Amino acid sequence: MIKFNIKLLVLSFLLLISLRPLQSAEMVDPIKVNWSFKGLTGTFDRASLQRGFQVYKEVCASCHSMQYLSYRNLGEPGGPEFSEQEVKAIAASFEIDDGPDSQGEMFTRPGKPSDKFKSPYPNVQAAIAANGGAYPPDMSVLVKARKGGANYIYSVLVGYEDPPPGVTLDDGVYYNKYMSGNKIKMPNNLMDGLVEYADGTESTVDQMAKDVTTFLAWAAEPELEERHRTGVKVIIYLVLLTTLVYLSMKKIWSRVNTEV
Amino acid sequence: MSEHEYVPKSKAGKWFNDRLPLLTLGAHLTDYPTPKNLNYWWTFGGILTFCLITQIVTGIVLAMHYVAHADLAFASVEHIMRDVNYGWLIRYIHSNGASMFFLAVYIHIFRSLFYGSYKSPREVIWIIGLMIYLLMMAAAFMGYVLPWGQMSFWGATVITNLFSAIPLVGDSITTWLWGAYSVDNPTLNRFFSLHYLIPFLILGLVVLHIWALHVPGNNNPVGIDIKKPSKDTVPFHPYITIKDAFALLVFMIIFAGFVFFTPNVLGHSDNYIPANPLVTPAHIVPEWYLLPFYAILRSVPDKLGGVILMFSAIFILFVLPWLDTSKVRSAVFRPIYRQFFWILVIDVLMLGYVGAMPAEGIYLVLARVGTIYYFLHFIVVMPVVGYLEKTDPIPMSISEPVLTGGAEPSLARKVNDKV
C-alpha cells in the first residue's frame, strides 16, 4: 500500500516537473559560471573583488548608485579587504556633501571611511532624466534582486548582440540575449582593455564582467563568508548533539517494550 | 485532571503551591500519560512550539532595528543585514523560520487528517488549531509586507484588494484597511503593529490548544482509546521530551541548512527591489505556503466568487469533525479513505504548484480541477467513504500490536488480520 502511494507521489511530481519548461519558453537561461563563492564553503576571490571594485568605480559608478554600502566595508573581513590606508584614500577621493555647519551652510568635504558610497545622481528622478527614461538600479543588492543572481548579471554583461533580423530597436535601446524581453537601455560599456588593472591582469570583457559580478555578489551578501563558516560549525554541532540525544533516547526507551 | 494528588516536598513549595498550584501543573505536565506508540509525525507539536518561540525572540530583536516607514523600511532592513551585529543571522532565521513554521504546521495538520485526530472527543483541539493556522497566515502575510520590497507592496495590494469584492461596502472596507487610498505608509504602520500583536495571540491559543489536548489526551497511530494507562502509556518526561528533542534537532539541521546556505531560496528575488507603486511585477506571487489558496482564488473567473471559495477552503476544515462519518479514527484501518487521503495531499501540492504559475492555459485548467477536487474531498468523499467503507479489524489495545508485531501499526494490522 505504501509503495503504491509513493509511486503516485513520484508520478505526480514527474508530471509537475515536465510542465516546467512551458513556463519560460522565450527566456534564455543565464550562463552558469563556477563562482568561487558557490557551495557550502564558498569564499570570495579577494583579488577579483578588488578588480571588481575598480571596474565598478571606473565604469558602473557613473550611473549606478550603491547607497547601502560604506567605504569602510571595502576594508572589512570577507570583502575586498583593502588596507586601512587604501580605504581612507578611496573614501578621500570622493567629495561628500555635508552640513549644515554652524552657520547653516551646506558644504563639501573629502569622504571618510564611514561615509556611504557617493551616488552619481542626487535623486531617482535625476537618474531617470539623465538616462533616457530608465532608472539605472541601485546595485547594493542587485545580485539578490534578480532571478539567476550572479549568473544572470554576468550573462547580461556579456550578452550584447546585434539584434536578429526583423527586430528593430528604438534609439538608446540595445539588444541583449539574456535580458528579459531582450531589450536593455544600458549600452554595452565593457570593451577589451577598458580598465588598467593594478595587479596586471588582462582586462578582457569576460574578465571584467566576472570581476564586477563577484564584487556585486559580495556587495549584496557581505556576510556570505562568515555565514558559510558559521553554518558549517552549526551543522557539525547539531549533528553531534543529535547523535547524543538519539543515543540517550534509545537508552531511555529501552526501559519500555516499544521501538522508537 | 490529575490522577494522583501532587504534594510538594519542601515546606516553601507547599506554601506556594497552596496559593498558586504551579508545581501541581508542572507535575501534571511531566507525568502526563502519553500513548507509547506515537510515531515521529507526533513530534511536530513540540517543533511548532519551538518555531513560535524562535519567531517571537528573533522578531523582538528585529523590531529594535526596523523602521516601519515607507521611505525607510527597505533601508532599515539593509541596515539590519549589514550593520547590526549578527543582524543577517537574526533576519534569515526569522524569514526562513516563517517557512519552517508552515512546513511543520502542514505536516501537523496532515498528520491529524491521516490519524483522525480531529474526531470526537478532540474537535475543540482541532478548531483551536485552525484558529492558530489562520492567525499564522495573517502574521506571515503582514510580515512579508514589512521589508517593503516589490513583492511586499504588490502582495499587500492584491490581498487587501480582495476585500473590495464585498458588495456595497467593499471599497470602503478596503480604504479603511489601508488607512489611505492605496497601500501606503499608514498600511505599513498598521501591518507592523498587527504583525507584532498576532504572535502573542497565537501564544495564548497555543496554551488553550495544549490545555484542550490534555483533557482527552493524545490520539495515537492506531487511533483507539487508552485501555490500560499502565501498559499503554509512558510519562511525558523523559520519554516524550527526549523523543521530541531528537526530532527537533533533526528539524533544526534542515532549518540551519536553509539559514546558512540558501537563505533566499524560499523568498522571491523581486522583494530585494524597493517597493515602487508605479511598476507592477510581471508575476505577483505570495510566499510558497499560501500558494494553494492563491490557486483556488484565481481559479474562479469572478472576483467575489474567488474570494468566497478561497475562504471556504479554510473554513470547511472547521466542520471537518462533523463531515467525517467514520467511526474509526486512524486511516491505518481505513483502506479506502487512505487512498483518498494521499490523493488530497497530491491535490494540495498541485494547487501549490499552479499557484506559483501564471493563471492561464493548462495551469488554469489544473487549478480548477484541483479546486473542485479539494472541495469534493471534504463534502462528498469524507461523508460517503466514512459511511460505506469496510474498515480493517482494529486492535484491542495499544499494547497489543506492540507485543505481537512491533510498533509499526501496519504490521500490527497484518498480524491482526491473521487472527
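Naming convention: chains lettered A, B, ... in sequence-line order (proteins, then strands); numbering from 1 in each chain. Quick caveat: nothing in here was measured; it's all calculated off a predicted structure.
- Under the ring-ring contact (aromatic ring centres under 6.0 Å, His included) criterion, B/Trp42 pairs with B/Tyr115, not counting sequence neighbours.
- Interface remark: A/Val239 contributes backbone and side-chain atoms alike to the contact with chain B (heavy atom separation under 4.5 Å).
- Both tests pass for B/Lys243 against the ring of B/Tyr40: distance under 6.0 Å to the centre and angle within 45° of the axis.
- Contact count against chain B (heavy-atom pairs under 4.5 Å) is highest for A/Leu40 among A/Val234, A/Leu40, A/Val143, A/Leu224.
- Using a 4.5 Å heavy-atom threshold, the side chains of A/Trp253 and B/Val234 count as touching.
- Note: A/Val232 leads A/Leu244, A/Val232, A/Asn73, A/Leu142 in heavy-atom pairs under 4.5 Å with chain B.
- Of the atoms belonging to A/Ser140, heavy atoms from both backbone and side chain fall under 4.5 Å from chain B.
- Residues forming a side chain to side chain donor-acceptor pair (under 3.5 Å) with B/Ser330 (at least two apart in sequence, or on another chain): none.
- Heavy-atom pairs under 4.5 Å with chain A were tallied for B/Gln150, B/Arg82, B/His268; the largest tally goes to B/Arg82.
- Within the 4.5 angstrom heavy-atom criterion, no atom of B/Asn271 approaches chain A.
- Side chains of A/Thr242 and B/Phe246 form a contact here, defined as non-hydrogen atoms less than 4.5 Å apart.
- B/His377 places none of its side-chain heavy atoms less than 4.5 Å from the side chain of B/Asp347.
- For A/Val260, the parts sitting under 4.5 Å from any heavy atom of chain B are the backbone and the side chain alike.
- Between chain A and the residues B/Gly361, B/Gly149, B/Pro263, B/Gly257, the largest count of heavy-atom pairs under 4.5 Å involves B/Pro263.
- Interface remark: A/Glu221 contributes side-chain atoms only to the contact with chain B (heavy atom separation under 4.5 Å).
- In terms of non-hydrogen atom pairs under 4.5 Å with chain B, the most contact-rich of A/Asp138, A/Thr243, A/Thr230 is A/Thr230.
- Judged by distance alone, the side chains of B/Thr30 and B/His237 never bring a donor and an acceptor atom under 3.5 Å apart.
- Interface remark: of the candidates B/Ser269, B/Gly267, B/Pro238, B/Ala245, B/Ser269 forms the most heavy-atom pairs closer than 4.5 Å to chain A.
- Using a 4.5 Å heavy-atom cutoff, the side chains of A/Tyr154 and A/Trp35 are in contact.
- In this structure, chain B has a heavy atom under 4.5 Å from the side chain of A/Ile235, while its backbone stays farther away.
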